[in-house]
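Below is one structure; the comments refer to it alone.
Model, not experiment: these values are computed from the prediction.
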Amino acid sequence: MRKFINIIVTALFIMPLLASCKGDGKVLSIGEPEFVSGFPKTLQLKEIENFNCDEMGLSDVKVVDSLLIISKADTWTVYSLDGNKKYGKCMRVGNGPGEFTHYLPSTNWCYFFKENDSLFVYASDTYRAHVLGFNVSELLAGVNNTPHPVIETDLIMNAIPAIPYGKDKILVYQPEYNYTKIKRMMYEGDTLRQMPVTHGIDQITLSGQADMNILSRITCYNAAADKFVEAMVFLNQINTISGDGSKGKTICVGKRLDDISKLEKKDYFELRNCYVTASAWDEGFGAAYSGAIELLYQQHLSNDTQIQFFDWVGNPKCLVELPYQISSFDIDFAGNIMYVIDSQNDKLIAYDATEIVKCLKS
């Protein structure tokens with residue numbers, strides 16, 4: 001009997017501990033998640049040695065048509081794809097007309113399109129509650145122009161962020177309840193409505209003591225697929241969402257989704273840095289995974305990045321591993337080149353991407 005009582009007492013102590021380790025299952029999944037156990041191919045990349053770009057202070061890189069757009073903290077610089085020709089600068093931070101108030105939006109948060117043989121870009125400044133439009137082709141022709149407002153609406157005020165994905169459409173990440181909750185809203189026709197497929201995950205609210213960065217995400221859009229990619233920064237998952245907000249799915253490389261209720265108890269620097277950047281193309285998308293603790297990541301003490309490639313169905317296609325931290329990458333599918341920003345050494349590197357392109361097109 002005494003042995004039986006000891007077992008019961010021990011169980012009473014252990015059960016609360018197990019419950020606290022398990023969490024309450026607060027996950028950010030759109031429907032039933034799809035779990036990925038591995039990738040068909042792990043590719044080795046070959047650096048293109050004759051590529052050289054001497055820009056410093058790099059933030060992100062974007063391939064648009066025959067152009068290489070390099071974003072820095074305070075401006076964009078437009079190059080030819082080989083890096084040999086510098087066309088000029090555009091998109092600046094400042095207080096003047098056509099300038100961004102506090103920071104430049106990521107190139108992934110911008111909408112590039114062609115009209116009348118000219119290349120345009122739309123980018124949001126949520127502090128001034130407008131979307132700026134810029135004619136990139138005029139810059140290439142040597143015309144001195146500045147961005148001008150093409151959409152003005154208080155409905156995007158203080159969004160984090162607002163992402164144009166059409167001439168009159170914007171994905172708005174709307175914070176609520178002192179940034180403990182994020183709602184995905186769609187702006188069109190001067191109205192704002194919630195995305196139907198994300199209604200469930202938009203109900204998730206962080207505890208008052210939790211760091212709001214837990215809900216951070218890297219978002220990009222591809223017009224041909226008409227889909228968004230959300231690579232979560234501190235959660236081991238990727239969400240894909242259709243442009244009309246009616247369909248979506250959650251992909252997890254692993255066996256289980258991160259439980260937000262467990263992360264809420266951690267300090268910001270204790271969080272695991274999962275996805276650090278993403279890029280999307282007609283053929284599919286890629287997301288760069290770190291896996292380092294945030295403190296080590298910020299101190300550049302974590303030296304590995306894994307870029308995972310998927311088709312638009314969500315099937316894993318291939319994987320590449322790089323021995324350094326990256327902040328951005330993009331692919332030129334015409335020239336089979338992948339551009340990667342090595343954030344540890346502040347350097348733009350070009351790789352032969354022939355095998356990656358083959359995998360994404362197969």
Side-chain angles (χ1 to χ4, degrees), residues 20 22-33 102-103 105-106 108-109 124-129 153-165 169-188 190-221 227-252 256-276 278 287 294:
S20 65
K22 186 178 180 181
D24 62 10
K26 188 193 290 188
V27 296
L28 208 70
S29 182
I30 301 174
E32 287 295 322
H102 294 283
Y103 60 87
S106 164
N108 272 338
W109 296 351
S124 296
D125 185 342
T126 58
Y127 289 92
R128 289 182 173 170
T153 173
D154 289 342
L155 295 175
I156 67 170
M157 181 72 76
N158 296 327
I160 50 171
I163 303 174
Y165 64 105
K169 297 189 293 184
I170 309 170
L171 171 61
V172 180
Y173 286 96
Q174 189 177 75
E176 294 187 344
Y177 303 113
N178 197 27
Y179 294 89
T180 60
K181 184 177 179 180
I182 299 291
K183 289 177 67 175
R184 294 157 179 81
M185 311 292 288
M186 302 168 64
Y187 170 91
E188 188 173 9
D190 205 29
T191 60
L192 205 60
R193 63 182 179 89
Q194 191 169 7
M195 277 191 162
V197 76
T198 63
H199 185 269
I201 63 174
D202 290 345
Q203 301 306 308
I204 290 180
T205 304
L206 299 177
S207 67
Q209 293 74 37
D211 193 294
M212 69 176 189
N213 287 292
I214 291 173
L215 299 180
S216 298
R217 75 226 72 79
I218 309 295
T219 304
C220 50
Y221 172 77
K227 286 184 179 180
F228 294 97
V229 175
E230 288 186 342
M232 303 302 294
V233 176
F234 295 110
L235 304 174
N236 64 334
Q237 66 182 77
I238 302 167
N239 303 322
T240 60
I241 305 168
S242 63
D244 63 2
S246 65
K247 298 177 182 179
K249 68 169 58 176
T250 291
I251 302 165
C252 173
R256 64 180 64 86
L257 293 175
D258 283 332
D259 189 335
I260 293 175
S261 65
K262 294 166 69 175
L263 301 184
E264 288 175 323
K265 304 168 186 176
K266 294 187 176 183
D267 179 77
Y268 171 70
F269 291 104
E270 297 175 329
L271 296 174
R272 180 165 53 106
N273 205 308
C274 293
Y275 290 99
V276 296
E294 181 64 16

Mind running side-chain contact (heavy atoms from CB on, under 4.5 Å) on Val276 and Ile218 for me, showing each step along the way?
CA-CA 7 Å; Val276 296; Ile218 309 295; over 6 Å; no
Find out whether Arg184 and Ile201 are in side-chain contact, i.e. whether some heavy atom of one side chain is under 4.5 Å from a heavy atom of the other.
yes
Interatomic spacing from CD1 in Ile163 to CD1 in Ile170 - rounded to 0.5 Å
10.5 Å
By ring-ring contact (aromatic ring centres under 6.0 Å, His included), which residues pair with Tyr221, not counting sequence neighbours?
Tyr165, Phe228
Residues in salt bridge (charged side-chain N to carboxylate O under 4.0 Å, His left out) with Arg217, at least two apart?
none
Taking all atoms of both residues into account, what is the closest heavy-atom pair of Ser124 and Pro105, and its distance?
O-CG, 4.0 Å
How close do Asn158 and Tyr127 get, heavy atom to heavy atom, and via which atoms?
OD1-CD2, 4.2 Å
Looking at residues at least two apart in the chain, or sitting in another chain, which of them share a salt bridge (charged side-chain N to carboxylate O under 4.0 Å, His left out) with Asp258?
Arg272
Walk me through whether Thr126 and Ile160 qualify under side-chain contact (heavy atoms from CB on, under 4.5 Å).
CA-CA 8 Å; Thr126 58; Ile160 50 171; over 6 Å; no
CA sep, side-chain torsions, deciding dist, call: Lys266, Phe234, side-chain contact (heavy atoms from CB on, under 4.5 Å):
CA-CA 12 Å; Lys266 294 187 176 183; Phe234 295 110; over 6 Å; no
Which residues satisfy the side-chain contact (heavy atoms from CB on, under 4.5 Å) test with Met185, sequence neighbours excluded?
Val172, Gln174, Lys183, Leu192, Gln194
With sequence neighbours excluded, tell me which residues meet side-chain contact (heavy atoms from CB on, under 4.5 Å) with Met212.
Tyr179
Here the gap from Ile30 atom CD1 to His199 atom NE2, rounded to the nearest 0.5 Å, amounts to 13.5 Å
Indicate yes or no: at least one non-hydrogen side-chain atom of Asp211 is less than 4.5 angstrom from one of Asp267.
no
Qualifying residues under ring-ring contact (aromatic ring centres under 6.0 Å, His included), relative to Tyr103, sequence neighbours excluded:
none
Scanning both residues in full, the closest heavy-atom pair of Ser29 with Leu257 reads CB-CD1, 3.5 Å
Using the test side-chain contact (heavy atoms from CB on, under 4.5 Å), find all partners of Ser106 that sit at least two apart in sequence or belong to another chain.
Asp60, Asn108, Trp109
If you round to the nearest 0.5 Å, how far is CD1 of Ile214 from OH of Tyr268?
11.0 Å
By ring-ring contact (aromatic ring centres under 6.0 Å, His included) - contacts of Tyr187 (at least two apart):
none
Quick check for you: to the nearest 0.5 Å, what is the distance between Gln203 atom CD and Lys181 atom NZ?
4.5 Å
From Asn213 CG over to Leu263 CG, what is the distance, rounded to the nearest 0.5 angstrom?
12.0 Å
Those residues at least two apart in sequence (or on a different chain) that pass side-chain contact (heavy atoms from CB on, under 4.5 Å) with Ile204 are Lys26, Leu28, Ile260
Mind checking whether Arg193 and Thr191 have side chains closer than 4.5 Å, heavy atoms only?
no
Considering only distance and modelled atom types, tabulate donor-acceptor pairs under 3.5 Å from the side chains of residues 241-248, sequence neighbours left out.
from: Ser242; atom 1: OG; to: Asp244; atom 2: OD1; distance (Å): 2.7
from: Ser242; atom 1: OG; to: Ser246; atom 2: N; distance (Å): 3.2
from: Ser242; atom 1: OG; to: Lys247; atom 2: N; distance (Å): 3.0
from: Ser242; atom 1: OG; to: Lys247; atom 2: O; distance (Å): 3.3
from: Asp244; atom 1: OD1; to: Ser246; atom 2: N; distance (Å): 3.0
from: Asp244; atom 1: OD1; to: Ser246; atom 2: OG; distance (Å): 2.8
from: Asp244; atom 1: OD2; to: Ser246; atom 2: OG; distance (Å): 3.2

For the student: nearest non-hydrogen atoms of Ser216 and Met232, plus distance:
O-CE, 3.5 Å
Note: Ile182 and Pro175 closest approach over all heavy atoms is CD1-CA, 3.8 Å
Can you tell me how far CD of Glu264 sits from OG1 of Thr205, rounded to the nearest 0.5 angstrom?
9.5 Å
Contact summary for Ile156 and Ala162, nearest pair of heavy atoms:
CB-CB, 4.1 Å
Mind checking salt bridge (charged side-chain N to carboxylate O under 4.0 Å, His left out) for Lys227 and listing every partner two or more places apart, or none if nothing turns up?
none
For Asp125, check side chain to side chain donor-acceptor pair (under 3.5 Å) against everything at least two apart and list the hits.
Thr101
